[in-house]
Amino acid sequence: MTVDGNVRARRGLRLGVTAVLAASLLAGACKKSDDGGSATGPTTTVATRPHTKGPADGAKAKDGGKLVMAIENDAEGLDPTRYAFAASGHFIASAVFDALATLDDNGKAVPYLASDIKGSDGNKTWTLTIPDGITFSDGDPLDADVVLQNFQAHQNSLITKAALVTVESIEKTSKNTVTVKLTKPWAAFPTLMMSQVGYVISPKMLANPDLNRTPIGSGPFVYDSRVDGDVWKFKKNPKYRQPGKPHLDAIEFRIVQDETKRVSMLSNGEADMIHSYKPDQVLALRAGDYKLVDYAEGEEDFIVVNHARPPFDNLNARLAVAYATNTEGWRKEVTKDIEQPANSPFAPGQLGYEADNGYPKFDLAKAKEYVQKYEKETGKKLEFQFILIDNPEVLKDGQYFQKDWESLGMKVSIQSFKQIGLVAQTALGNFDLAIFRNFGFRDPDSDVVFWRSTSAAPMGQVALNFPRFKSDKVDAAIDKATAATSDSERDAAYKEISREFAAQIPYIWMGRPNWVLAATTRVNGIYTAANGSIQTLGAKTWLADLWIA
């Protein structure tokens, strides 16, 4: 979601590419707070930690200097209640805003800007404590009143209100506390505070939409200047709440959409740090003399299948296409085996993952059987529209799958849109199949907004549940998972969802992308990103720890 657009220019589109249509509060934060307490919630099993490569950091952090990071896209605006953030947007936002929570070294949500996040009433009530003395960079106080205003703005936001669908009330309950009451128990509620909802922005920004381009926050850096589509510049926040941080005098984000150019900038010294997912660039960075954080157990590439209209309101049609989609061949030929196999939104090591959940494996003979069943049942040929981003490389991906589908007599019409158009068509239900990338949260509790039946709006209305797949089994399993406080209970509930997805095919799983965060050897602090990763989206709390040797 973001109009800041973290478009997957090669293979699809991140769900979350439009601030106008849907909210993808893609979370994932990073290192443990130096001064936070601990949230009350379950100990969460998370995906395998990212791999790191390169020389160790220096023994003692040095202050001073500027770091230049080349990122893939601009942020249209930095108001999290009005604009949706994808990867690039979160990098920029994390320079100027702090989030209420982050992840500790075990992948558990812990307080960050808040000093405490505590559940009660069977985890239907959550109380956030805001410490005294925190100010925004302009000197205005950041207190419980401000946090309440931020929550209320999110509740009224087209971008973020879906993430708060189970919130019954939010109120200031003392000088330093805000209490959130939920309609259902949610043991992992603190994970939401690591997402876009967790950023706390100045009331001046809430009142004046124009300030989204000149943001005011309490983060480690202060807005300096920007050139639209080119660069954002920030300087050190002298009033930052964590003594001794940030170490850098300045940080600069340069917008470079071309992946090859970003790698070139890193090699020739124009950039100190970059992120990338394109297979050729991932391989080049792994082979180079860089510090790396390498992560492949997060989000998934997939094809959304529209259950709300023919032909895919018919299970035989969905199974025919699923069996006829050669994702293994696509991963080998197109991604050079950089992408990992996927059969659900749950990665190996995460809650809900099963190596064999019943998801159809590529089998043209079985696919043909289901084509024939569909045609016999409906008296119609199996034909459908496949929508993609208007990009030559994405078109090649569509044609890769199209050839097998059409070999079985399916009639496939490929139509391309600009990214905003593709999301509009999909969110409104004007499609049959569409390619996306999403589900990158560290904790699956934060992804359930995309799966609930309540998120499946009628055709013609904006839906976060893009397949418009309504399932009592999935809804019941979500309620079990979010209420449970033990990993075993949550794992069992998410496995139920995995199996239901495999049986009913709201998504055709393509693969799991590999993201790399790379820096020159003079950059220190990059390895602290390994706890959150670079492609799970949320506050990058480790930016305050970066320093230049």
Side-chain angles (χ1 to χ4, degrees), residues 10-13 300-335 339 341-344 356-417 421-422 425-426 428-437 459 466-469 471 499-511:
R10 291 194 70 258
R11 298 188 284 280
L13 174 70
E300 288 76 32
D301 280 322
F302 54 88
I303 299 170
V304 186
V305 183
N306 190 350
H307 283 227
R309 72 180 194 182
F312 296 119
D313 57 350
N314 184 294
L315 178 59
N316 288 325
R318 300 195 298 270
L319 287 169
V321 173
Y323 276 114
T325 304
N326 186 6
T327 53
E328 181 179 357
W330 174 81
R331 287 193 304 273
K332 288 181 178 179
E333 295 177 38
V334 177
T335 80
E339 290 220 7
N343 65 4
S344 76
D356 185 4
N357 62 354
Y359 180 75
K361 294 179 171 63
F362 178 60
D363 187 329
L364 287 178
K366 278 198 173 185
K368 187 173 183 178
E369 289 178 21
Y370 283 106
V371 170
Q372 292 170 344
K373 286 182 181 180
Y374 172 81
E375 292 177 347
K376 182 178 180 180
E377 181 178 324
T378 65
K380 299 177 181 178
K381 300 291 287 183
L382 180 50
E383 55 183 288
F384 52 88
Q385 178 196 58
F386 188 23
I387 66 174
L388 309 167
I389 299 174
D390 184 11
N391 177 284
E393 292 185 340
V394 177
L395 179 61
K396 290 178 183 177
D397 291 338
Q399 292 169 337
Y400 184 92
F401 298 124
Q402 181 187 26
K403 69 180 188 298
D404 282 325
W405 297 339
E406 291 191 333
S407 74
L408 298 174
M410 304 180 200
K411 184 177 178 181
V412 185
S413 170
I414 290 181
Q415 189 172 359
S416 60
F417 295 87
L422 178 66
Q425 295 299 312
T426 311
L428 294 170
N430 299 327
F431 76 104
D432 296 322
L433 301 180
I435 293 181
F436 274 81
R437 188 179 79 228
M459 294 282 287
F466 276 16
R468 286 170 162 79
F469 171 52
S471 167
R499 293 167 195 151
E500 181 72 350
F501 283 171
Q504 297 299 325
I505 320 293
Y507 311 101
I508 295 171
W509 305 102
M510 296 165 59

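- One finds the CZ atom of Arg468 at 9.5 Å from the OG1 atom of Thr426 (value rounded to the nearest 0.5 Å).
- Contact of the Trp405 side chain with the Leu433 side chain is registered, since non-hydrogen atoms from C-beta on lie closer than 4.5 Å.
- Rounding to the nearest 0.5 angstrom, the gap separating the CG atom in Asn316 from the CD atom in Gln372 is 11.0 Å.
- With a 4.5 Å cut-off on side-chain heavy atoms, Asn326 and Tyr400 count as touching.
- Here salt bridge (Lys or Arg N to Asp or Glu O under 4.0 Å) pairs that include residues 370-384, with residues two or more places apart or in two chains, are Glu375-Lys381.
- Taking the side chain as every heavy atom from C-beta outward, Trp330 and Asp301 approach each other to under 4.5 Å.
- The two residues Asp432 and Arg309 have their closest heavy-atom pair at OD1-NE, 3.0 Å.
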Could you go through residues 358-371 and list every donor-acceptor pair under 3.5 Å that involves a side-chain atom there, pairing it with any protein atom two or more places apart or in another chain?
{"from": "Tyr359", "atom 1": "OH", "to": "Trp509", "atom 2": "N", "distance (Å)": "3.1"}
{"from": "Asp363", "atom 1": "OD1", "to": "Ala365", "atom 2": "N", "distance (Å)": "3.1"}
{"from": "Asp363", "atom 1": "OD1", "to": "Lys366", "atom 2": "N", "distance (Å)": "3.1"}

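- Legend: residues meeting side chain to side chain contact (heavy atoms under 4.5 Å, CB included) with Asp313, ordered by chain and number and at least two apart, are Pro310.
- Proximity of Asp397 to Leu388: side-chain heavy atoms (C-beta onward) are nowhere separated by under 4.5 Å.
- Qualifying ring-ring contact (aromatic ring centres under 6.0 Å, His included) partners for Phe417, counting only residues two or more places apart in sequence or in other chains: none.
- Here CG of Leu382 is found 12.0 Å from NZ of Lys411. Values are rounded to the nearest 0.5 Å.
- Shown here for Pro311 and Ala317, the closest heavy-atom pair between the two residues is O-CB, 3.3 Å.
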Residues Asn306, Phe466; criterion side chain to side chain contact (heavy atoms under 4.5 Å, CB included); working and verdict: CA-CA 7 Å; Asn306 190 350; Phe466 276 16; over 6 Å; no
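- Applying the side chain to side chain contact (heavy atoms under 4.5 Å, CB included) rule to Glu406 yields the partners Gln402, Val412; only residues at least two apart in sequence or on another chain are considered.
- Counting only heavy atoms from C-beta outward, the side chains of Ile435 and Phe386 approach each other to under 4.5 Å.
- Put simply, the side chain of Arg318 reaches to within 4.5 Å of the side chain of His307, judged on heavy atoms.
- With sequence neighbours excluded, the residues satisfying side chain to side chain contact (heavy atoms under 4.5 Å, CB included) with Ser344 are Phe346, Asn357, Ser498.
- Taking CD of Glu500 as the start and CD1 of Ile505 as the end, the distance is 10.0 Å to the nearest 0.5 Å.
- Arg331 CZ to Glu339 CD: the interatomic distance, rounded to the nearest 0.5 Å, is 8.0 Å.
- Looking at heavy atoms from C-beta onward, Pro467 lies out of side-chain contact with Val305 at the 4.5 angstrom threshold.
- Under the 4.5 Å side-chain criterion, counting only non-hydrogen atoms from C-beta, Phe469 is not in contact with Tyr507.
- Within the model, atoms OG1 of Thr325 and CD1 of Ile508 stand 4.0 Å from one another, a figure rounded to the nearest 0.5 Å.
- Shortest non-hydrogen contact noted between Met410 and Ala320 is CE-O, 3.8 Å.
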